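The structure appears right after this line, and notes come after that.
Everything numeric here is computed off the predicted structure, so don't read it as measured data. A note on names: the letters A, B, ... follow the listed sequences, proteins ahead of strands, and every chain is numbered from 1.
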Amino acid sequence: MNSKVRVRIAPSPTGFVHIGLARTALFNYFFAKKNKGDFVLRIEDTDKERSKKEFEEDIINNLKWLGLNWDEFYRQSDRVDIYKKYIEQLLKSGKAFWCLHTEEELEQESERQYTAKEAPRHICEHKRKNLKPESGQSGVIRLAVDSNADNAIIFNDIVRGKIKFDSKLLGDFSIAKSPEEPLYHMSVVVDDYEMKISHVIRGEEHLANTPKHILIQEALGFDTPAYVHLPLILNKDRSKLSKRHGAVSVGEFRGQGYLPEAIINYLGLLGFTPKGDREVLSFAELTGEFELERIHKAGAIFDYQKLDWLNGEYIKKMNPQNFAERLFDFMEGQGIESGRKSVENIVSLVQTRLRKLSDIKDFDYLFKEPEFDKNLLKWKGEDIGKSFDALREVLVIVEKSGVDDMSRLRDMLNGLSENIGGKGLVFWPFRVAITGKESSPDPVEVAKVIGKEKTIARVKKALNFEK
RNA sequence: GGCCUCGUCGUCUAGCCUGGUCUAGGACAUCGCCCUUUCACGGCGGUAACACGGGUUCGAAUCCCGUCGAGGCUGCCA
């Protein structure tokens, strides 16, 4: 047995990269890197009908975006000859056989079993008859499973412990449509063997497939790798995470302005907890802390709020130049009008206010003139006329001393506040005039960012409401 | 239906293996207070959980059994 750690992820390119795959990939990656092993990416595209090139590209792009770089890459459609060799070997030795039952026959059988409350399985009488489909006849290749023996399949799952299945409940399950068309169970087993995979770390949905894989390994004389089944990521209702409760593809998260480091951090803590109670951990820290033995057993609901919080933490932590760059790139990618220079200017006032980059949409007034309702200018408990009075004074101050010296401007506005009876009476209408919103950063800072000219224009425009 | 897995605050979890230190700890969310021109940030504080029932034991979140609940698989998909 090869003692080098080699792990793999085996996505099928039948949809956009799901967050569950990203998590599985991440745990495999952690384990590989922690143990100086290899991380293999294998595209499982044996289903020609459903596999699409665009999804393969999506897998590659998003895995890279997350920083999960693989050491080796394979594509099952390039490996047909290898599977064929093993399938023929099984056929020749009688460990596999052609089943020529029609789909209708099989359907009837399983219906009968369901009503009779039996285990659903197909014990095929074509076994050992050495049949072959005639031209035009359809059939499938099945593994010959001994359904009489009391043959328990026992394996050890590193997170779940000893797991026992009864092999006679499996029936003669299918492994290939033809020697050139392996089915999932066959191709995984062959590839994991050929690629010398030491640990199979995959989602819990594969737990029930494991005995089938072990049976194929036995038939082929392969060693069994170590198995680790990860707890599922769940929707709010505890079903397997799916579309319709929110974003589930990595691409969607990316498009909403989540940072890869936040996604990695969040995913790394879903189903795993390092020692200590830290929650904000870098990729390297997570890798260093990783141990298969600490993986959880129970599924975990995907908590979008906590991801948002973490993403906000990463945004706040970033140095301003770096943040400005990423925000600008994001905005450009989303077709939001800005400019590299103006994005740099707004960093100080949005960095603590964004949880995801797409939240920048709430700050559109930094880039264009706001629209708002006249009554918004009214400060609580006061007559709207007082707002206009204050704005007229603000206008004078801004025209006279500009907006660049913030502490001076703030001092003057504070002085004005004392004269007319309260800061709110000055700052509230000023804020509304230049942002059109009831909540925003300090209007003095906003004024500086948009500049004297625009500040004056906006205050004047607000004053027009008076007429 | 059959097989398999799982079950600590609303959510993610610590603790469980090696019973007492658990009047169950942390984080997100939520609520309240402080800061304050609004929002955000920040600071402080609160509410909130061992699924249930038996057993073992001086003592159980921790060990055993059962019940209930949830999920996964049950494809000529992966």
Side-chain angles (χ1 to χ4, degrees), chain A residues 10-15 44-47 49-51 76 99 101 103 106-107 110 113-121 138-142 157 160-161 163-166 169-171 173-178 181 183-185 187-188 202-212 229 231-232 234 236-240 266 269-273 275-280 293 296-310 312 316 349-355 362 379-380 410 413-414 417 422-432 435 437-444:
Chain A
S12 59
T14 54
E44 306 226 323
D45 56 352
T46 51
D47 185 337
E49 243 93 280
R50 299 198 308 146
S51 297
Q76 289 190 327
C99 158
H101 287 102
E103 291 195 40
L106 295 172
E107 238 165 74
S110 73
Q113 287 167 335
Y114 189 87
T115 41
K117 301 187 179 184
E118 286 172 23
R121 59 186 171 165
S138 74
V140 69
I141 299 172
R142 295 174 178 278
D157 183 290
R160 278 151 221 281
I163 298 185
K164 204 170 132 182
F165 283 90
D166 190 345
L169 261 23
L170 260 24
F173 59 90
S174 51
I175 57 170
K177 293 183 188 179
S178 76
E181 300 167 290
L183 256 9
Y184 165 71
H185 298 307
S187 53
V188 218
R202 56 185 9 172
E204 193 193 332
E205 68 267 29
H206 288 294
L207 193 54
N209 290 329
T210 307
K212 294 182 181 176
H229 288 93
L232 260 17
L234 313 173
K236 255 200 156 42
D237 63 4
R238 304 209 79 88
S239 56
K240 198 162 90 171
Y266 181 70
L269 261 27
L270 248 203
F272 175 80
T273 321
K275 291 192 214 77
D277 54 15
R278 289 197 304 151
E279 306 259 355
V280 183
E293 290 72 20
H296 307 158
K297 293 177 177 172
I301 294 174
F302 192 92
D303 185 350
Y304 291 91
Q305 283 182 317
K306 194 153 186 177
L307 205 216
D308 282 358
W309 167 75
L310 252 183
K316 276 179 273 177
L349 73 210
V350 299
Q351 196 166 359
T352 60
R353 273 166 249 259
L354 300 186
R355 298 211 124 186
D362 300 335
W379 174 240
K380 58 185 171 189
R410 199 175 284 118
L413 293 175
N414 282 336
S417 304
K423 288 185 168 181
L425 212 36
V426 173
F427 287 92
W428 179 272
F430 186 26
R431 167 193 342 285
V432 171
T435 71
K437 299 209 187 297
E438 53 189 11
S439 64
S440 81
D442 181 358
V444 170

Item to complete: Can you sort out the partners of A/Glu107 under side chain to side chain donor-acceptor pair (under 3.5 Å), two or more places apart, ordered by chain and number?
Response: none
Fill in: Those residues that, when tested against A/Lys316, pass salt bridge (Lys or Arg N to Asp or Glu O under 4.0 Å) (two or more places apart)
A/Glu313
Item to complete: Using the P atom as the reference point in each nucleotide, state the distance between B/G25 and B/C64 in Å, no decimals.
Response: 25 Å
Practice prompt. Give the minimum heavy-atom separation between A/Leu169 and A/Ala119, together with the two atoms involved.
Written response: CG-CB, 3.9 Å
Fill in: Length of the CD1-P vector between A/Ile163 and B/C4, whole Å
10 Å
Worksheet item: Hey, does the side chain of A/Ser439 come within less than 4.0 Å of B/A40's phosphate (OP1/OP2), counting only N and O?
Response: no
Fill in: Between B/C3 (C1') and A/His229 (NE2): distance, integer Å
15 Å
Discussion item. Suppose you measure atom C1' in B/C63 against the same atom in B/G32; what distance do you get, rounded to whole Å?
Written reply: 43 Å
Fill in: Inter-nucleotide P distance (B/C58, B/G53), Å rounded
22 Å
Fill in: Pairing residues for A/Arg238 by the salt bridge (Lys or Arg N to Asp or Glu O under 4.0 Å) criterion, not counting sequence neighbours
none
Fill in: A/Asp308: salt bridge (Lys or Arg N to Asp or Glu O under 4.0 Å) partners, not counting sequence neighbours
A/Lys356
Practice prompt. Report, as a single string ordered 5' to 3', how protein heavy atoms within less than 4.0 Å touch nucleotides 24-35 of chain B: B base, S sugar-phosphate only, - not at all.
Written response: --BBSS------
Worksheet item: Does A/Trp309 have any ring-ring contact (aromatic ring centres under 6.0 Å, His included) partners at least two apart in sequence or in another chain, and if so, which?
Response: none
Fill in: Contact nearer the 5' end of RNA chain B, comparing A/Val444 with A/Gly276
A/Gly276
Practice prompt. Look up atom NZ in A/Lys212 and atom OG in A/Ser174, then write down how far apart they are to the nearest 0.5 Å.
Written response: 7.0 Å
Discussion item. Tell me the interatomic distance from A/His296, atom NE2, to B/U5, atom C1', rounded to whole angstroms.
Written reply: 16 Å
Response to the item:
Each nucleotide of nucleotides 65-73 of chain B classed B (base within 4.0 Å of a protein heavy atom), S (only sugar-phosphate) or -, in 5' to 3' order, makes -----SSSS
Practice prompt. Evaluate the criterion side chain to side chain donor-acceptor pair (under 3.5 Å) for residue pair A/Thr210 and A/His229; output intermediate values, then yes/no.
Written response: CA-CA 10 Å; A/Thr210 307; A/His229 288 93; 3.3 Å; yes
Item to complete: Provide the distance between the two C1' atoms, one in B/U36 and one in B/G26, to the nearest whole Å.
Response: 30 Å
Item to complete: To the nearest Å, give me how far apart CG (A/Asp442) and P (B/U37) are.
Response: 10 Å
Discussion item. Distance check needed: B/C41 C1' versus A/Lys316 NZ, whole Å only.
Written reply: 6 Å
Discussion item. A/Arg160: which residues meet the salt bridge (Lys or Arg N to Asp or Glu O under 4.0 Å) condition with it, sequence neighbours left out?
Written reply: A/Glu204
Worksheet item: Is A/Lys177 near enough to B/C76 that one of its side-chain N or O atoms lies under 4.0 angstrom from OP1 or OP2?
Response: no
Worksheet item: Taking the same atom, C1', in B/U13 and in B/A49, what whole-Å distance lies between them?
Response: 12 Å
Item to complete: Please state the P separation for the pair B/U5 and B/C77 - nearest whole angstrom.
Response: 27 Å
Worksheet item: Mind checking the P distance from B/C17 to B/C12? Whole angstroms is fine.
Response: 23 Å
Worksheet entry | Euclidean distance, atom NZ of residue A/Lys297 to atom P of B/C16 [Å, nearest integer] | 13 Å
Worksheet item: Touch check for A/Thr115, heavy atoms < 4.0 angstrom, all strands: base, sugar-phosphate only, or nothing?
Response: nothing
Worksheet item: If you measure from the C1' atom in B/C68 to the same atom in B/A51, how many Å do you get, rounded?
Response: 8 Å
Pairs: protein N or O with nucleotides 62-64 of chain B N or O, under 3.5 Å:
none

Worksheet item: What residues form a side chain to side chain donor-acceptor pair (under 3.5 Å) with A/Ser440, not counting sequence neighbours?
Response: A/Arg431
Discussion item. Should the side chain of A/Arg160 and the base of B/U5 be counted as holding a donor-acceptor pair, with the cut-off at 3.5 Å?
Written reply: no
Discussion item. Using heavy-atom distances to pick each residue's nearest nucleotide on RNA chain B, tell me which of A/Tyr114 and A/Lys236 is more 5'.
Written reply: A/Tyr114
Worksheet item: Is the distance from OP1 or OP2 of B/A14 to the nearest side-chain N or O of A/Thr273 less than 4.0 Å?
Response: yes
Worksheet item: Of all the choices, B/U38, B/G2, B/C12, which nucleotide is nearest to the side chain of A/Ile301 once you look at every atom?
Response: B/C12
Worksheet entry | side chain to side chain contact (heavy atoms under 4.5 Å, CB included) partners of A/Lys164, counting only residues at least two apart | A/Ala152, A/Ile154
Practice prompt. Examine distances only and state if a side-chain atom of A/Glu44 and a backbone atom of A/Tyr184 form a donor-acceptor pair shorter than 3.5 Å.
Written response: no
Response to the item:
From the candidates B/G75, B/A78, B/C4, the one with an atom nearest any side-chain atom of A/Ser174 is B/G75
Worksheet item: Looking for any heavy atom pair under 4.0 Å, which part of the strands does A/Asp308 touch: base, sugar-phosphate only, or nothing?
Response: nothing
Discussion item. Considering only residues two or more places apart or on different chains, which pairs with a residue in residues 298-307 of chain A satisfy salt bridge (Lys or Arg N to Asp or Glu O under 4.0 Å)?
Written reply: A/Glu279-A/Lys306
Item to complete: Take the protein atom CD of A/Gln351 and the nucleotide atom P of B/C41, then report the distance between them rounded to whole Å.
Response: 13 Å
Worksheet item: Which of these nucleotides, B/C12, B/G42, B/A78, is closest to any side-chain atom of A/Leu270?
Response: B/C12
